[in-house]
2 protein chains.
Amino acid sequence: MALAQDYDQQDCPVARALELVGERWTMLIIRDCFLGVSRFNDFLDHLDIPKATLSSRLAKLVDSGVLRREEYRTGQSNYLLTKQGEALWPILYGLAAWGEAYHAPRRGPRRIFSHVNCTTVLDSSGSCPTCKIVPPASDVVIQPGPGAIPNFRHDAVERALQKPHRFLTKLQNSEPTPTPTARRRA
Amino acid sequence: MALAQDYDQQDCPVARALELVGERWTMLIIRDCFLGVSRFNDFLDHLDIPKATLSSRLAKLVDSGVLRREEYRTGQSNYLLTKQGEALWPILYGLAAWGEAYHAPRRGPRRIFSHVNCTTVLDSSGSCPTCKIVPPASDVVIQPGPGAIPNFRHDAVERALQKPHRFLTKLQNSEPTPTPTARRRA
DNA sequence: GAAGATAGGTCTTGTCAATGAACCTGTCAT
DNA sequence: ATGACAGGTTCATTGACAAGACCTATCTTC
């Protein structure tokens with residue numbers, strides 16, 4: 001029996017949702033998508049996930065319409081959230097808020113989410129206290145909070161997140177994806 | 001390596017939350033708690049989960065403060081949500097709403113959630129359109145929707161849920177917990 | 001007070017998915 | 001042609017999950 005698949009005996013929307021996003025790693029992959037990660041090797045570096053597992057999860061997510069895959073002639077490919085994938089934002093924010101509230105060392109939040117329009121920090125339900133709305137993920141900015149451990153990870157994705165970063169926009173990790181002549185480094 | 005434990009390499013509240021509630025079955029156990037299920041055998045009947053797995057999950061949830069266990073001299077025990085556990089409601093509702101929106105057969109919702117004060121059906125973000133608030137789980141009533149399959153399951157819990165039922169209140173499944181003389185049936 | 005039912009588990013064994021390492025393929029740059 | 005990079009696949013090992021047998025305590029009934 002698959003791990004988080006086939007809660008066959010349950011006629012319940014929660015069970016159906018969990019069949020897709022309830023497997024180990026899946027929500028962290030989706031979190032990274034919101035952060036702007038889109039390339040196979042970036043997921044790999046940022047998550048410390050086995051390649052085969054990542055490959056299988058991405059395939060399943062594409063298959064079920066949570067992600068779509070853009071492939072380029074260079075051999076590169078991008079995994080991007082679909083509308084359905086973006087609709088997972090409230091769940092992800094809920095997990096973050098709950099984890100921060102009940103299971104974090106007491107040094108303040110490690111990530112701060114704010115509304116791009118007014119720079120107000122979101123409340124525990126993901127709503128902007130100033131604008132009185134729940135901003136869509138695309139209008140959210142993430143930045144390190146006081147509880148963040150300064151150099152906990154050393155991958156390119158984490159470095160890019162040291163500065164405030166708008167959700168769903170591509171991270172400028174190392175080099176800005178190779179253009180014909182821009183490749184002079186080693 | 002445990003299955004949804006130790007995302008060690010992630011300093012992230014989402015990862016911490018998933019270490020606790022991201023394992024297979026865990027969110028469905030918590031869902032049942034919101035429905036009013038509190039006894040070992042009721043979880044067993046309603047979830048079709050292996051005993052050992054249920055036992056291990058309940059222990060972990062009690063251990064981490066999501067549930068508390070009340071034990072009676074009769075040998076019975078109740079598993080109840082703590083405040084921390086009740087704080088998982090937005091996540092659970094999010095999963096239900098997402099599952100219903102994107103991964104349900106098109107027959108309308110199988111469960112309908114409404115606000116106990118005004119009987120208004122909650123919107124996709126769990127908010128009551130009449131009262132303009134997000135009701136706490138204890139003020140939510142669940143009932144079968146048009147998409148529910150009439151007799152999909154035959155356990156006592158499901159039978160009790162055929163009628164509208166208020167969250168976090170004990171289900172009247174079979175007999176109302178054995179009192180000294182009330183035991184005449186077989 | 002023995003026999004059976006009920007509640008709430010533990011133990012044992014087999015299976016199947018996750019892991020980690022090695023290998024493969026197609027571009028690009030030199 | 002040679003090497004580096006991106007994006008994978010294949011394969012052997014391990015460990016969590018599943019299923020069912022077994023255990024213990026309490027209560028009920030005779």
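Everything numeric here is computed off the predicted structure, so don't read it as measured data. Because only heavy atoms are used, hydrogens play no part in the values below, and waters and symmetry mates are left out as well, while side chains stay in. Here is how names work: the chains are called A, B, and so on, in the same order as the sequence lines, proteins then strands, and each is numbered from 1.
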Between [X] and [N], is there a contact of a side-chain N or O with OP1 or OP2 at under 4.0 Å?
X     : N      : value
A/T53 : C/dT19 : yes
A/Y79 : D/dG8  : yes
A/R57 : C/dT19 : no
A/T74 : C/dC28 : no
A/S55 : D/dT9  : yes
B/W25 : D/dA18 : yes
B/S77 : C/dG9  : yes

Among [options], which nucleotide sits nearest the side chain of [X]?
X     : options              : result
B/F40 : C/dG8, D/dG7, D/dA18 : C/dG8
B/R39 : D/dA18, C/dG8, D/dG7 : C/dG8
A/Q76 : C/dG8, D/dA6, C/dC11 : D/dA6

- Query: What nucleic acid atoms does B/Y72 come within less than 4.0 Å of, heavy atoms only: base, sugar-phosphate, or nothing?
  - Reply: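 Nothing: the residue B/Y72, judged by heavy atoms under 4.0 Å, touches no strand.
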- Message: Test of understanding: with side-chain contact (heavy atoms from CB on, under 4.5 Å), list the residues that count as partners of A/A104, not counting sequence neighbours.
- Response: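 Here the qualifying residues are A/E100, A/R110.
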- Mind checking side-chain contact (heavy atoms from CB on, under 4.5 Å) for A/T130 and listing every partner two or more places apart, or none if nothing turns up?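 So A/T130 forms a side-chain contact (heavy atoms from CB on, under 4.5 Å) with A/C118, A/T120, A/C128.
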- Query: Is there a donor in the side chain of B/H165 and an acceptor in the side chain of B/Q143, or the other way round, less than 3.5 Å apart?
  - Reply: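 B/H165 vs B/Q143: no donor-acceptor pair found between side chains.
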- Under 3.5 Å side-chain donor-acceptor pair for B/E19 and A/H103: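 Checked: B/E19/A/H103 side chains show no N/O donor-acceptor pair below 3.5 Å.
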- Taking atom P of C/dA17 as reference, at what distance in whole Å does atom CD1 of A/I49 sit?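 About 17 Å, once rounded to whole Å.
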- Query: To the nearest Å, how far apart are A/K51 NZ and C/dA22 P?
  - Reply: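 In whole Å, C/dA22 P and A/K51 NZ are 12 Å from each other.
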- With nearest nucleotides of DNA chain D determined for A/N78 and A/A52 from heavy-atom distances, which residue corresponds to the more 5′ nucleotide?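 Residue closer to the 5' terminus by nearest nucleotide: A/N78.
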- When the ring planes of B/W89 and B/F34 are compared, do they come out parallel, tilted or perpendicular, using 30° and 60° as the limits?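 Geometry flag for B/F34 against B/W89: tilted rings.
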